[in-house]
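Note: hydrogens, waters and symmetry copies are ignored here, and every other heavy atom, side chains too, is used.
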Amino acid sequence: MAMRSLISERVSCRSSVLGARWMSSWWRNVEPAPKDPILGVTEAFLADPSPDKVNVGVGAYRDDNGKPVVLECVREAERRIAGTANMEYLPMGGSVKMVEETLKLAYGDNSEFIKDKRIAAVQSLSGTGACRLFADFQKRFHPDSQIYIPVPTWSNHHNIWRDAHVTQRTFHYYHPGTKGLDFAALMDDIKNAPNGSFFLLHACAHNPTGVDPSEEQWKEISYQIKAKGHFPFFDMAYQGFASGDPERDAKAIRIFLKDGHLLGLAQSYAKNMGLYGQRVGCLSVLCEDEKQAVAVKSQLQQLARPMYSNPPVHGALIVSTILGDAELKKLWLKEVQGMADRIIGMRTALRENLEELGSPLSWKHITNQIGMFCYSGLTPEQVDRLTNEYHIYMTRNGRISMAGVTTGNVGFLANAVHEVTKST
Amino acid sequence: MSSGGHGSATDRRLNALFRHLSSSARMDPQQLNSIAASPTSANQNDSVFSHVVRAPEDPILGVTVAYNKDPSPVKLNLGVGAYRTEEGKPLVLNVVRKAEQQLVNDRSRVKEYLPIVGLAEFNKLSAKLILGADSPAIRENRVTTVQCLSGTGSLRVGAEFLARHYHQRTIYIPQPTWGNHPKVFTLAGLSVKSYRYYDPATRGLNFQGLLEDLGSAPAGAIVLLHACAHNPTGVDPTLQQWERIRQLMRSKGLLPFFDSAYQGFASGSLDSDAQSVRMFVADGGECFIAQSYAKNLGLYGERVGALSIVCKTADVAGRVESQVKLVIRPMYSNPPIHGASIVAAILRDRDLFNEWTFELKAMADRIISMRQKLFDALRAREIWYIAGTPGDWSHIFKQIGMFTFTGLNPQQVAFMTKDYHIYMTSDGRISMAGLSSKTVPHLADAIHAAVTLVS
């Protein structure tokens, strides 16, 4: 073909016509990036040929057979959707219906803020996308502000605010001694931060520690944050998953709303509706009035447009189909309760197993902590031993995803943990 | 104390204060003073975002917003590039419905997180689609392909990678280009310059201007190229012109970044529409390619696309991929699974793939026939000029792809919207996909009025 001979002629003249730059890549200086500490665990797990391997790494729910779960309410919603909906672009702010239902979950079905249209809200790419949009928004409108992030936190939080070029600081959260909340230090950090700082708070089921403030502690935190004029940004990735009851899990947010905070909130359906790969979530910012909410929403859309234009429709359709139908919503609530209950059961089982093995350490924290994760207190070296000797995969900070624990593997897991800790 | 029940905001704050004072001795007087003294503990509930002003509507998506608000029964939306049938309805392709059914019926499917780079099978098939199944670059493992959120997401991720790892932070974009391009690149951290592209006088390509501007770009600069069906003009270089562009770019070490949003939609042939990209890859050099399945598979709202980076060696491709993951993770962690699963189901199945090529050709053919009908309608109304300049409107069928760059000016566009309820972008771009035989006369009337009455 004429085309081919045209090209081969040129190619043969390559080195003479085009410079030496031709010969090497533009990217020869690109370093290989380190593996993501969380997602890299699953990669390693998948590559392991051992039949006894256990994955308690990434926080994705598994049933008691260790299998991923698609909720029945989701299957039914998908059946209804398939063949009926078109795939037109959503508006930049996403599905209005889905956002409405999502706000009700967090702010309350009869929330005055929803009635008064004071919430600027957009559909987001799950929790990550909501946090990133907010971080970009924070940078754009408060370029000199800083974000206070709890220690420890989900590792990607640091990446998100870093890529948004927002200065990061940390505040005390987890107390390694008690394996609980370091409340006094936390309160000090809030007081000592410059007025008007931004604080990242996990609404429930803190990731990775599973340590949540009590209701009383939340009230004090709320009070102190208000006194300092700080901005509270909540990341709520586990509503429903912590206690089994979404209303209960929204307690912290409701306390803050009652105290008059104009908060920001990232919500995700990855875990509580099992929609992980669909990337469905919502970012909301409570404003003074409707006019301001309109302005803020328009600016959030300005940030979404050059990132992905508009969010994906499928997952949003599933959410609005379920939450918009009384029967399906009831089914969902039942299934969420079921998932939370299984995890609570596994916490008890793991702790009892360890105690029965005669472990010299205290394992109370396994049942004190809440949500998907247990911050075991294992050291990185102990975690490595678990992986190398027992083919048990978890992140090196000792975080165990309880969702990966089953009646089938809890004994094996307890035994392995006992073996690597008994001489501590 | 408040009287119980739902108190005012002030009551709630007082309550909180009293509750705190009475609950413990933890608060010492000094702390109380510091609280009272804080300026932010005043009565008003100031938002930290009260200075945020309302942003203007997106120039393209805002057209649909305005269209939706219009109650007129004769309104016509020729704004956003979304395909419509002869009946003016959105279209879900048959192959897509079939693929969807397959997915729904497959109970073994789960909704787990995809890897950061997306669905592996989708990535491989997408690379083959744009580069050709026999591409040496693929055979030699020199291509890294990552699933992204349609064309926009692919451009943004690619641009962020370049801003971090490439020595040249300037990207040259054609004049004009898709309205969202400058924002995507700017927010990614690149600086944006333009090169001449469209010639308003000929309503065709300003080839000399293009060569001059690319010729004077600094060595190594990034150049955005529309792979086919240039948006908004519909003006594409010929193959011979592409070859000249390729030579020039390679001689200056300019880095090509292709935006391929219309493969198969332009000419009706997937392979023909990929020629420009394949030409560059065939010479062994490196390039970036952003692919979108929004239009050609009608998957608009599912946000399916892919970023391919063609590198010199497999080793480089591996390292590049690992760094691209670091861009994606803090943006959205991993891409949405649904749309990519549909695409993979179609591309991997010989029958579905063939059926797709027929449906694609039918869409492209309908658009071509709309071009002809509009041209005939304008000729019938004896319109021999456009915005004050003589013109025979032949550009309507010379241009290619979804859009026609009419040459109408913003005043004429505003007139057409106000008096004829025709919605389009103010640069005079109309989406032919939004036209039908029934609505062509209305559009022709509107254009006639605009060129006659408005200058």
Side-chain angles (χ1 to χ4, degrees), chain A residues 6-7 11 17-18 21 25-28 30 32-33 36 39 60 68 70 78-79 82-83 86-90 92 125 128-129 132 141 156 159-160 163 195 223 227-229 231 258-260 262 274-279 287-288 292 294-296 298-299 302 305-309 312-314, chain B residues 9 12-13 16 20 35 38 40-41 45 47-50 52-55 58 61 90 92 97 100-101 104 110-114 149 152-153 156 165 180 183-184 187 243 250-251 253 282-283 286 298-303 311-313 316 319-320 322-323 326 329-333 336-338:
Chain A
L6 195 66
I7 291 174
V11 163
V17 170
L18 316 160
R21 185 177 283 117
S25 168
W26 287 119
W27 319 114
R28 59 186 182 277
V30 170
D36 183 273
L39 303 179
V70 177
E78 283 210 298
R79 269 192 289 272
N86 63 48
M87 283 149 178
E88 293 291 286
Y89 289 125
L90 282 176
M92 281 182 284
L125 292 158
T128 308
R132 175 59 178 268
F141 291 98
N156 205 27
N159 300 332
I160 290 169
D163 275 16
N195 292 351
Y223 183 81
K228 295 284 297 183
F231 183 95
K258 196 149 176 280
D259 287 350
L262 294 175
L275 295 178
Y276 306 95
Q278 303 288 347
R279 319 311 293 128
C287 302
E288 285 167 340
Q292 195 182 89
V294 167
V296 168
S298 73
Q299 294 291 348
Q302 289 278 304
R305 175 59 158 155
M307 203 186 281
Y308 49 84
S309 282
V313 63
H314 190 73
Chain B
R12 283 198 296 277
R13 274 189 290 279
H20 196 93
I35 288 168
S38 162
T40 53
S41 65
N45 213 6
S47 164
V48 298
F49 296 117
S50 47
V52 171
V53 293
R54 184 173 184 170
D58 181 274
L61 303 178
V92 178
R97 286 273 181 246
E100 262 201 315
Q101 268 314 121
V104 158
V110 291
K111 300 205 175 313
E112 294 288 285
Y113 290 125
L114 283 177
L149 279 104
T152 308
R156 177 62 178 267
H165 297 284
N180 203 22
K183 283 185 237 139
V184 170
L187 260 76
E243 173 55 20
R250 293 310 197 192
S251 73
D283 70 15
E286 299 178 315
L299 292 175
Y300 306 95
E302 301 292 350
R303 318 311 294 129
C311 307
K312 278 286 164 130
T313 68
V316 168
R319 284 184 274 128
V320 163
S322 72
Q323 291 289 348
L326 293 193
R329 176 60 159 153
M331 210 185 268
Y332 51 85
S333 283
I337 189 172
H338 190 69

Part of A:V296 lying under 4.5 Å from any heavy atom of chain B: both
Interatomic spacing from CE in A:M87 to CD in B:E302 - rounded to 0.5 Å: 4.5 Å
Leading residue by heavy atom contact count with chain A [cutoff under 4.5 Å; candidates B:V92, B:L114, B:N180, B:L149]: B:N180
Region of B:R329 that comes under 4.5 Å of a non-hydrogen atom in chain A: both
Exam field: side chain A:Q278 to backbone B:I337, donor-acceptor pair closer than 3.5 Å: no
Winner by heavy-atom pair count (cut-off under 4.5 Å) against chain A, out of B:E100, B:M331, B:Q101: B:M331
B:L187 portion near chain A, given a 4.5 angstrom heavy-atom threshold: side chain
Per-residue contact mode, A:Q292 against chain B (heavy atom under 4.5 angstrom): side chain
Heavy-atom proximity to chain A below 4.5 Å, by part of B:V104: side chain
Chain B contacts, top residue of A:A82, A:G274, A:G277 (heavy-atom pairs, under 4.5 Å): A:G277
Sidechain-backbone polar pair: A:R279 side chain, A:P312 backbone, donor-acceptor under 3.5 Å: no
A:R132 side chain vs A:I160 backbone, donor-acceptor pair below 3.5 Å: no
B:R54: salt bridge (Lys or Arg N to Asp or Glu O under 4.0 Å) partners, not counting sequence neighbours: none
Contacting moiety of B:Q323, where chain A heavy atoms sit under 4.5 Å: both
Choice from B:P90, B:G298, B:G153 maximising heavy atom contacts with chain A below 4.5 Å: B:P90
Aromatic plane relationship, B:Y113 with A:Y276 - under 30° parallel, 30 to 60° tilted, over 60° perpendicular: perpendicular
With B:Y300 via ring pair (Phe, Tyr, Trp, His ring centres under 6.0 Å) - residues at least two apart: A:Y89
